[in-house]
Amino acid sequence: MNAQAIVYTSATGFTGRYAGLLAEASGLPAHPLEQAVKALDSNTRVLFLGWLCAGNIQGLARAARRFDVRAVCAVGMSPPDPAYIAKLRRPETLRETPLFYLRGGYAPERLRGIYKPMMAFMTKAVTRAPAKSPQEKSMQEAFLSGGDWVSPEALAPVMNWLEAGSLS
Ligand SMILES: Cc1cc2nc3c(=O)[nH]c(=O)nc-3n(C[C@H](O)[C@H](O)[C@H](O)COP(=O)(O)O)c2cc1C
């Protein structure tokens with residue numbers, strides 16, 4: 001295995017589900033970042049999964065300061081798109097680290113605190129004009145009613161990476 005543990009952040013549960021699926025498939029322990037900083041040694045080799053907030057992978061900078069982050073999964077609501085994935089911000093030290101994108105979901109009813117007005121603003125911006133393509137239409141629908149795109153199949157490249165290594 002290329003990592004010893006899975007560490008993640010999740011505001012509304014989608015990233016947590018991906019972390020759980022990976023833990024089940026790999027046999028590795030999965031910890032939310034808050035627990036991981038207490039439960040794991042600081043040099044633990046980790047696969048990090050973080051939810052996306054305004055292009056930032058939440059918790060990644062903190063995880064990178066604390067652990068040996070070997071690969072990163074960014075979980076967002078956008079459809080997978082190489083140009084978008086290339087723009088995701090990462091700490092300098094992780095520029096060469098494998099990065100995977102997973103489409104999570106959107107559950108407006110589970111948003112708390114500042115995230116509610118942020119997404120209310122985004123929803124207005126995205127739905128203001130009529131959709132010009134089926135893709136835009138489905139994004140508008142996702143912003144208005146939510147969506148769930150978590151799928152075990154999407155984890156195949158991540159599992160391949162995990163299993164490619166010979167670390168214990
Ligand atoms: C305030 C806010 C900002 C977001 N920004 C992005 C973004 O930049 N790109 C993206 O693809 N998804 C974005 N999303 C969608 C979340 O990343 C998506 O819902 C993700 O699945 C949440 O994972 P979680 O359930 O583990 O928290 C944003 C969501 C919120 C609430």
Side-chain angles (χ1 to χ4, degrees), residues 3 5-26 28-37 39 46-64 66-67 69 71-91 94-95 97-128 131 133-159 162:
I6 296 159
V7 175
Y8 67 94
T9 58
S10 185
T12 57
F14 297 103
T15 313
R17 270 167 59 204
Y18 273 127
L21 288 167
L22 282 168
E24 210 174 294
S26 66
L28 294 175
H31 301 274
L33 180 58
E34 289 303 325
Q35 274 178 23
V37 294
V46 307
L47 166 63
F48 181 79
L49 286 78
W51 72 280
L52 271 173
C53 181
N56 285 303
I57 305 168
Q58 296 299 290
L60 178 57
R62 185 173 175 207
R66 173 82 186 192
F67 302 113
V69 174
V72 177
C73 298
V75 180
M77 68 184 290
S78 311
D81 168 27
Y84 180 67
I85 297 164
K87 277 191 275 176
L88 297 175
R89 285 183 284 278
R90 294 192 266 172
L94 294 179
R95 289 287 149 79
T97 307
L99 172 68
F100 303 93
Y101 178 82
L102 299 168
R103 200 175 189 198
Y106 180 49
E109 73 287 354
R110 286 189 236 148
L111 292 177
R112 297 280 171 270
I114 184 71
Y115 301 132
K116 258 186 198 211
M118 280 173 81
M119 285 312 262
F121 177 83
M122 277 301 293
T123 303
K124 262 196 196 136
V126 168
T127 57
R128 194 171 290 140
S133 66
Q135 288 83 356
E136 273 189 27
K137 178 93 192 130
S138 74
M139 272 317 273
Q140 288 187 339
E141 281 166 10
F143 268 96
L144 291 169
S145 334
D148 182 347
W149 303 280
V150 173
S151 86
E153 292 75 31
L155 290 170
V158 187
M159 276 309 296
L162 260 180

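Order of appearance sets the numbers: ligands from 1, and atoms from 1 within every ligand.
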Is there a donor-acceptor pair under 3.5 Å between the side chain of [X] and the backbone N or O of [Y]?
X    : Y    : result
S10  : G16  : yes
Y101 : S78  : yes
S145 : A142 : no

> Relative to the heavy atoms of G55, which atoms of ligand 1 are at a distance of less than 4.0 Å?
Replying inline: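 Under 4.0 Å from G55, ligand 1 has these atoms: 7 (C), 8 (O).
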> By number and element, which atoms of ligand 1 are closer than 4.0 Å to a non-hydrogen atom of A11?
Replying inline: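 Answer, ordered by atom number: 24 (P), 26 (O), 27 (O).
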Less than 4.5 Å apart, side chain to side chain, heavy atoms only: is that true for [X] and [Y]?
X    : Y    : value
L144 : M139 : no
L52  : Y84  : yes
I57  : L99  : yes

N/O to N/O below 3.5 Å, does that happen between [X] and ligand 1?
X    : value
G76  : no
T9   : no
Y106 : no

>> To the closest 0.5 Å, what do you measure between OG1 (T9) and CZ (F48)?
In response: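 CZ of F48 is found 4.5 Å from OG1 of T9.
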Among [options], which one has a heavy atom closest to [atom]?
atom                    : options          : answer
atom 14 (N) of ligand 1 : L52, I57, D81    : L52
atom 7 (C) of ligand 1  : F121, Y84, W51   : Y84
atom 2 (C) of ligand 1  : M77, M119, K87   : M119
atom 20 (C) of ligand 1 : G104, A142, G105 : G105

>> Applying side-chain hydrogen bond (donor to acceptor under 3.5 Å, both in side chains) as the test, list every pair that has at least one member in residues 47-63; sequence neighbours left out.
In response: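 For residues 47-63: E34-R62, N56-R89.
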Taking heavy atoms and a distance under 4.0 Å, where does [X] meet ligand 1: side chain, backbone, both or neither?
X    : answer
L111 : side chain
A54  : backbone
W149 : neither

